[in-house]
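Report on the following structure.
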Amino acid sequence: MNRLLIQNGILIDPSQRIFEKKDLYIEDGIVKQVEDEICEIPEGTRLVDASGCWVMPGFIDLHVHFRDPGLTYKETVETGCKAAAAGGVTTVCTMPNTKPVTDCVEVVEEILEKAGKAPYTHLLPIAAVTIGQQGKEIVDLAALKEVGICAISEDGRSVMDSGIMKEAMRRCAQLQIPIFDHCEDESLAGGCINEGEVSRELGLPGLSRDAENAMTAREILLAESTGAQLHICHVSTKESAEIIRMAKAHGVRVTAEVGPHHFALSDEDIRREPHSKYKMNPPLRTPEDVEAMKVALADGTLDAIATDHAPHSAEEKTEDLQHSLNGIIGLETSFAISKKTLVDTGILSPMQLVEKMSTRPAQILGIPKGTLSVGSCADICVAAPNETYVIDDQFYSKAKNSPFIGWKVQGRVKMTILDGRIVFQDGKITEKEDLA
Ligand SMILES: [Zn+2]
Ligand SMILES: [Zn+2]
């Protein structure tokens, strides 16, 4: 029997409204006891001293790209899962823009088989909305649900035909599959990223704020009329946040996520340093938008923090802002950047941060995680909230395209526990043989 006792840590569990010193006893992957102090320790129990550390339900990242199958020079299921573990992330949802596109049972099975061989984090595949992400023929939702997808999403683009999107939502509502939505009206996407803003000065093409806002509004209206469970990906504009706020007030079944880069960086950073590490889609917006993201996180309009972890090779992510690809990695820096930007500044409490990184994402997925109550699965992140360090480029991800290299942060993930087993400790991933 596999026994683990985490002692003297500060338990932060939004599901039980606990923020105090507790011991946590785990047996065969299940939380068995949560007490102020556990003194009767069964023989053979591995002890973990978590003095001064936060003990939190493992983070759940609703939005990552692992590039596998097909683009494995950027990332693989194996390296992506290791990056997750190093970031305290115990469940990831992988987006379907693989090669081939994750739009059928065979590709989902291939991903799940690879995930089975990478026991560092739980992986839940997201399938595309339409075959080949072509926006025409809706995928076989029932078959995909059967094989284990957690949601569908056309991430990277929107389904432009409103009729097809409405039909997809209608089927999702019927089968109770969440739909994750990258909001980008392609007819408005051309031109400049931020009309009248820094990106226009630089002449960068991309997702205009109109393109994001208009599509956010359409998707919410369609979700209201079909009853689908809609989740808006990577919100970046103040208008989008306001539309979601109003929709929630009207009782629409909508949730939303924001990436750390959209509350930690703004287009002022590109102006200061025109570098491709600041190039992503949606792009960095104005300081005013950044403030709006923080307000929306604090008031609950934005439910979750998700990284949109998007690995690229060094060749694809050169200093050349014009020609480099969109996207940055985020799994290994998400906790530290979120804590620095939101908690150390008093915008969110530690409890609210854990809510955004674990408890709410679990609720959005409808899975019994994001909690450390007795009987729940022992997916845990132990972090030292006061440890100060500078983020370097030594990532478990294959990629290094992070704008946060060189940032001084306070808060380091010390240990990640998956199903009661330590998969990451003091900077090192546990060898696979030792996990078998
Ligand atoms: Zn996207
Ligand atoms: Zn994405």
Side-chain angles (χ1 to χ4, degrees), residues 60-68 70-71 74-75 77 80 83-84 87 89 92-99 101-103 111 123-130 133 135 149-160 165 178-186 188-189 193 205-209 211-216 218-219 230-237 240-241 244 254-263 278-285 289 293 302 304-312 316-317 324-331 333-334 361 364-365 397 399 401-403:
I60 299 173
D61 196 329
L62 296 171
H63 190 150
V64 305
H65 298 267
F66 279 0
R67 313 302 193 192
D68 196 351
L71 300 161
K74 298 176 194 257
E75 192 83 287
V77 165
V89 178
V92 293
C93 304
T94 55
M95 283 294 175
N97 59 342
T98 47
K99 247 185 183 164
V101 171
T102 311
D103 60 6
I111 293 168
L123 185 154
L124 303 173
I126 299 171
V129 179
T130 64
Q133 290 182 290
I149 58 158
C150 66
I152 60 167
S153 175
E154 203 88 321
D155 188 48
R157 62 195 310 184
S158 279
V159 176
M160 281 305 296
M165 190 56 173
I179 187 155
F180 287 18
D181 214 307
H182 169 114
C183 296
E184 177 169 3
D185 185 322
E186 282 167 23
L188 295 166
I193 294 178
L207 203 171
S208 73
R209 56 191 312 129
E212 178 174 342
N213 300 341
M215 195 53 90
T216 302
R218 185 197 81 172
E219 304 303 52
L230 174 68
H231 175 71
I232 307 285
C233 295
H234 45 49
V235 175
S236 73
T237 67
S240 270
I244 293 161
V254 61
T255 55
E257 71 185 35
V258 60
H261 44 285
H262 284 128
F263 54 75
Y278 298 123
K279 186 176 179 185
M280 66 283 287
N281 199 23
L284 297 178
R285 305 284 187 194
D289 292 301
M293 294 306 108
L302 296 174
I305 295 169
T307 61
D308 198 0
H309 179 83
H312 291 300
E316 293 166 330
K317 207 66 186 173
S324 104
L325 296 182
N326 279 315
I328 56 164
I329 55 171
L331 276 167
T333 53
S334 181
I364 289 165
L365 292 167
S397 169
N401 51 317
S402 166

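When a ligand or atom number is given, it counts from 1 through the structure's own listing order. Only a predicted model underlies this, so the values are computations on that prediction, with no experimental measurement involved. Index from 1, following the sequence.
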Is the distance from the Zn ion (ligand 1) to some N, O or S atom of His63 under 2.8 Å?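 Checking His63: none of its N, O or S atoms is under 2.8 Å.
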
May I ask you to check whether His234 brings an N, O or S atom to under 2.8 Å from the Zn ion (ligand 1)?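 It does: His234 brings an N, O or S atom closer than 2.8 Å to the Zn ion (ligand 1).
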
side-chain contact (heavy atoms from CB on, under 4.5 Å) for Glu257 and His231? Distances and angles first, verdict last. CA-CA 8 Å; Glu257 71 185 35; His231 175 71; 2.9 Å; yes

N/O/S atom name from His182 that is nearest to the position of the Zn ion (ligand 1):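 Going through the N, O and S atoms of His182 one by one, ND1 ends up nearest to the Zn ion (ligand 1).
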
Tell me which N, O or S atom of Asp308 sits nearest to the Zn ion (ligand 2).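 Within Asp308, restricted to N, O or S, the Zn ion (ligand 2) is closest to atom OD1.
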
Contact between [X] and [Y] at the side-chain level, heavy atoms closer than 4.5 Å - yes or no?
| X | Y | value |
| --- | --- | --- |
| His262 | Val235 | no |
| Ser158 | Glu186 | no |
| His65 | Asp308 | yes |
| Glu316 | Asn401 | no |

Suppose you place the vertex at the Zn ion (ligand 2); what is the angle out to Asp155 OD2 and His65 NE2, to 10°?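 OD2 of Asp155 and NE2 of His65 make an angle of 90° at the Zn ion (ligand 2), to the nearest 10°.
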
